[in-house]
Amino acid sequence: YLYLGTSYSWGDKTYYGLDCSSTMASIYACFGIKMGRNTSNQWRTPIYGKTITTMSNAILQTYQPGTLIYSSGHVMMYVGTDVSGNAWLLHNTSNGNICKLQTLSSYGASSIRYILELRVMD
């Protein structure tokens with residue numbers, strides 16, 4: 001959660017700010033995974049991504065924490081589910097201009113269109 005509170009900066013235009021895609025790329029870089037610079041480059045990662053038509057707390061819980069979920073032009077990381085069944089997302093957003101945690105329900109599950117699950121494949 002190092003990035004919580006980091007200022008939002010579209011295209012990383014400010015020195016201390018990151019946008020949503022560079023926040024996720026920075027997190028995955030810590031594990032040696034190089035990702036595309038923007039959301040459209042990231043979600044096109046072969047093998048690991050898929051288009052979805054429906055998203056809910058129950059569906060998201062079937063994925064591992066660290067899974068990236070995409071809406072139009074935006075990326076968030078699924079970080080886990082609380083005891084009440086709420087799926088939580090980490091994302092850097094212009095809505096509040098900060099990297100924050102937010103529930104899937106408060107973000108809006110209907111806008112999710114793509115999942116990128118970077119993991120060891122069976």
Side-chain angles (χ1 to χ4, degrees):
Y1 299 100
L2 173 68
Y3 292 103
L4 282 176
T6 301
S7 296
Y8 176 83
S9 174
W10 183 82
D12 304 342
K13 300 287 185 198
T14 62
Y15 185 71
Y16 291 107
L18 297 170
D19 64 15
C20 61
S21 56
S22 60
T23 299
M24 298 309 142
S26 295
I27 291 169
Y28 272 97
C30 294
F31 301 98
I33 298 171
K34 185 174 180 173
M35 300 186 73
R37 166 61 194 91
N38 57 40
T39 57
S40 61
N41 294 111
Q42 289 178 2
W43 67 259
R44 290 186 183 124
T45 303
I47 303 170
Y48 301 102
K50 68 179 180 178
T51 301
I52 59 168
T53 56
T54 305
M55 178 53 68
S56 67
N57 284 307
I59 292 170
L60 193 52
Q61 290 175 43
T62 66
Y63 293 93
Q64 296 178 355
T67 297
L68 300 181
I69 62 173
Y70 295 83
S71 60
S72 179
H74 191 59
V75 59
M76 299 159 280
M77 180 183 287
Y78 169 57
V79 294
T81 303
D82 64 24
V83 295
S84 298
N86 297 304
W88 285 87
L89 311 171
L90 173 76
H91 64 129
N92 205 336
T93 176
S94 59
N95 183 4
N97 290 319
I98 198 164
C99 186
K100 64 183 180 180
L101 289 170
Q102 184 173 7
T103 63
L104 175 65
S105 299
S106 68
Y107 179 79
S110 64
S111 64
I112 307 303
R113 296 289 171 248
Y114 203 82
I115 291 277
L116 182 62
E117 188 175 26
L118 299 175
R119 62 179 177 84
V120 175
M121 301 301 283
D122 298 330

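Since we're looking at a predicted model, the values are computed, not measured. Keep in mind that the numbers below use all heavy atoms, side chains included, and drop hydrogens, waters and symmetry copies.
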If I compare all heavy atoms of [X] with all of [Y], which pair ends up nearest, and what's the gap?
X	Y	value
Leu60	Ile115	CD1-CD1, 4.4 Å
His91	Val75	CB-O, 3.7 Å
Met76	Ile112	CE-CD1, 3.6 Å
Ser111	Ser71	O-CB, 3.2 Å
Asn86	Thr103	CB-CG2, 4.2 Å

[X] [atom1] to [Y] [atom2] distance, which is reported to the nearest 0.5 Å:
X	Y	atom1	atom2	result
Tyr63	Leu116	OH	CG	11.0 Å
Thr39	Leu68	OG1	CG	11.0 Å
Ile69	Tyr114	CD1	OH	14.0 Å
Lys100	Leu90	NZ	CG	11.0 Å

Side-chain heavy atoms nearer than 4.5 Å, only ILVMFWY residues, links allowed to pass through others: does that put [X] and [Y] together?
X	Y	result
Met24	Ile52	no
Val79	Leu104	no
Tyr70	Ile27	yes

Under a side-chain separation threshold of 4.5 Å, the hydrophobic residues clustered together with Val83 are none

Contacts of Ser56 meeting side chain to side chain donor-acceptor pair (under 3.5 Å) (sequence neighbours excluded), chain-then-number -> none

Original post:
Side chains of Asn57 and Ser105: do they bring a donor and an acceptor to under 3.5 Å?
Top reply: yes

- [ ] Could you list the residues that satisfy ring pair (Phe, Tyr, Trp, His ring centres under 6.0 Å) with Tyr78, not counting sequence neighbours?
- [x]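 If we apply the ring pair (Phe, Tyr, Trp, His ring centres under 6.0 Å) test to Tyr78, skipping adjacent residues, there are no hits.
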
Open item on the list: Which label fits Tyr107 and His74: parallel for a plane angle under 30°, tilted from 30 to 60°, or perpendicular past 60°?
Closed with: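 Rings of Tyr107 and His74: parallel, under 30°.
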
